[in-house]
Amino acid sequence: MEIGISAFAETTPYPGTGTTISHAERLREVVEEIELADQVGLDVYGLGEHHRPDYAASAPAVVLAAAATRTSRIRLSTAVTVLSSDDPVRVFQQFATLDGLSDGRAEIMAGRGSFIESFPLFGYDLDAYDELFAEKLDLLLAIRENPSSVTWPGGKHRAGIPGLGVFPLPVQPKLPVWIAVGGNPESVVRAGTLGLPLAIAIIGGMPEQFAPLADLYRQAGRKAGHDESVLRIATHSHGFVAPTTQQATSVHFKPYQGVMNQLGQERGWGYFSHTSYEAARSRRGALLVGSPEEVAEKILFQHEHLGIDRFMLHLSAGTMPHADVMKAVELLGTEVAPLVRKELS
């Protein structure tokens, strides 16, 4: 099973002081984190796309390209590309460029996104939220199939392409395209029917509650005639790892609580307390915070219930000291991943 990291390049205020890191500094930190993840043997790093002041990575492909020349084996992905508000031709060009710079390590994780800021920013109507994603995914897959000569009939939101090339060509014969979902069964069926790998965000509730989605995905893929080998599932969950549980929670809780309550105000969630935190951190909860042994156990728990092929630990939800995040990256690669791989070997 592959083990990696997802991140959003947060620039939220530090708890207590209220100071905020600059976007420029946070972007440089992200590149250092990717470089370290490569050195300690992690398999993948995924960077999310956001268009708001508390996140620095509105152009993940550029950040990943900066990391590409400083790494040698780690796969470089988005988590996610908000395809609905982007142009599939440009997305393909960016990731084909990243594929060339990394010598074949680029991936696209396409999703509709959990934030909506990109829609008015790029002039798209939120009423077409689902329609935009389906149409643009269709075009992206048409480009991937034959980038040297793309023929696409056009749709409601985008003009057709009459046999034109999209360059540069990637190193990989087909750029990997994952479909990211939060829990929408329709999206899961779409991914399975298309034979695309699926990434499930498990950031609340209990991981075993998502097992029916994994089953639905595999059923849709088999029904469409796809081989089991292409029906891969990844999960992504918030978490943090430190040498001891106490160290992990002391670093992670306050920044995480701040983010959850800020989002809660925006979305109408209840107050996220320390009791909420400890419940989410329990063995069957969605939050993976603790010692290497605890985090490895919870990754294995997700593997047991969903049969996952890849796990991505989201570091970090809320701004934390860079040294602590770097230590978490190191421990994930040198202690957590070996424990998981040994158990599954």
Side-chain angles (χ1 to χ4, degrees), residues 1-10 26-48 57 60-61 63-80 98-99 101-109 172 176 178 180 197 199-202 232-243 248 251-252 288-303 308-317 320 322-345:
M1 186 174 70
E2 295 178 332
I3 297 175
I5 291 169
S6 60
F8 288 169
E10 291 89 349
R26 183 69 189 108
L27 291 171
R28 292 192 294 269
E29 288 182 353
V30 167
V31 174
E32 291 178 7
E33 291 163 17
I34 299 172
E35 185 175 19
L36 179 59
D38 182 66
Q39 292 170 356
V40 298
L42 291 171
D43 298 296
V44 59
Y45 192 103
L47 183 61
V63 185
L64 296 171
T69 58
R70 293 169 59 171
T71 56
S72 61
R73 60 173 301 277
I74 195 167
R75 298 195 66 77
L76 302 168
S77 175
T78 43
V80 301
L98 174 61
D99 208 46
L101 290 170
S102 65
D103 194 23
R105 294 183 281 126
E107 296 184 359
I108 300 168
M109 188 184 292
Q172 298 175 87
W178 291 70
I200 304 173
I202 301 179
R232 303 177 65 207
I233 296 178
T235 53
H236 130 112
S237 296
H238 293 160
F240 195 74
V241 58
V251 171
H252 184 262
L288 283 75
V289 178
S291 66
E293 293 78 14
E294 286 177 297
V295 172
E297 181 182 4
K298 294 193 73 170
I299 294 172
L300 289 166
F301 186 78
Q302 291 197 15
H303 182 272
I308 57 176
D309 305 283
R310 172 184 285 183
F311 174 81
M312 301 176 75
L313 185 69
H314 187 82
L315 291 174
S316 54
M320 301 173 198
H322 183 48
D324 292 322
V325 175
M326 291 288 275
K327 184 62 177 179
V329 173
E330 177 191 340
L331 290 171
L332 187 64
T334 61
E335 296 195 27
V336 176
L339 286 170
V340 172
R341 291 167 182 150
K342 181 180 179 181
E343 186 67 26
L344 296 177
S345 63

Taking the side chain as every heavy atom from C-beta outward, state whether [X] and [Y] have any pair of such atoms under 4.5 Å apart.
X      : Y      : result
Leu64  : Ile34  : yes
Pro243 : Leu331 : yes
Ile3   : Leu332 : yes
Leu42  : Leu36  : no
Glu10  : Ser316 : yes
Glu32  : Arg70  : yes
His322 : Glu33  : yes

- Task: Start with the C-alpha distance between Gln302 and Ile202, add both sets of side-chain angles, then the distance that settles side-chain contact (heavy atoms from CB on, under 4.5 Å), and finish with yes or no.
- Result: CA-CA 10 Å; Gln302 291 197 15; Ile202 301 179; 4.0 Å; yes

Which atom pair, heavy atoms only, marks the closest approach of [X] to [Y]?
X      : Y      : result
Gly48  : Phe8   : CA-CD2, 3.9 Å
Trp178 : Ala234 : CZ3-CB, 3.5 Å
Ala248 : Val289 : CB-CG1, 3.9 Å
Leu315 : Ala7   : O-CB, 3.1 Å
Glu335 : Pro292 : OE1-CG, 3.4 Å
Val31  : Ala66  : CG2-CB, 4.0 Å

- Task: Dump the intermediate steps for side-chain contact (heavy atoms from CB on, under 4.5 Å) on Phe311 and Leu288, then the final yes or no.
- Result: CA-CA 11 Å; Phe311 174 81; Leu288 283 75; 3.5 Å; yes

Would you find a donor on one side and an acceptor on the other, under 3.5 Å apart, between the side chain of [X] and the backbone of [Y]?
X      : Y      : result
Gln172 : Ala106 : yes
Arg105 : Ala68  : yes
Asp43  : Gly4   : no

Kindly compute the distance separating [atom1] ([X]) from [atom2] ([Y]), expressed to the nearest 0.5 Å.
X      : Y      : atom1 : atom2 : value
Leu344 : Leu339 : CG    : CG    : 11.0 Å
Leu47  : Met109 : CG    : CE    : 11.0 Å
Thr69  : Glu35  : OG1   : CD    : 9.0 Å
Ile299 : Thr235 : CD1   : OG1   : 8.5 Å
Ser77  : Glu107 : OG    : CD    : 5.0 Å
Ile308 : Phe301 : CD1   : CZ    : 11.5 Å

- Query: How far apart are the C-alpha atoms of Val30 and Tyr45, what are their side-chain angles, what is the distance that settles it, and do they pass the side-chain contact (heavy atoms from CB on, under 4.5 Å) test?
  - Reply: CA-CA 10 Å; Val30 167; Tyr45 192 103; 3.8 Å; yes

- For the pair Arg310 and Ile233, evaluate side-chain contact (heavy atoms from CB on, under 4.5 Å) and give the outcome as yes or no after the intermediate values. CA-CA 7 Å; Arg310 172 184 285 183; Ile233 296 178; over 6 Å; no

- What is the ring orientation for His314 with His238, classed by angle as parallel under 30°, tilted 30 to 60°, or perpendicular over 60°?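 It falls in the tilted class, 30° to 60°.
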
- Message: I need the single residue from Arg75, Arg232, Arg341 that forms a side chain to side chain donor-acceptor pair (under 3.5 Å) with Glu2. Which is it?
- Response: Arg232

- Query: If we ignore angles and hydrogens, is there a donor and acceptor under 3.5 Å between the side chains of His303 and Glu343?
  - Reply: no

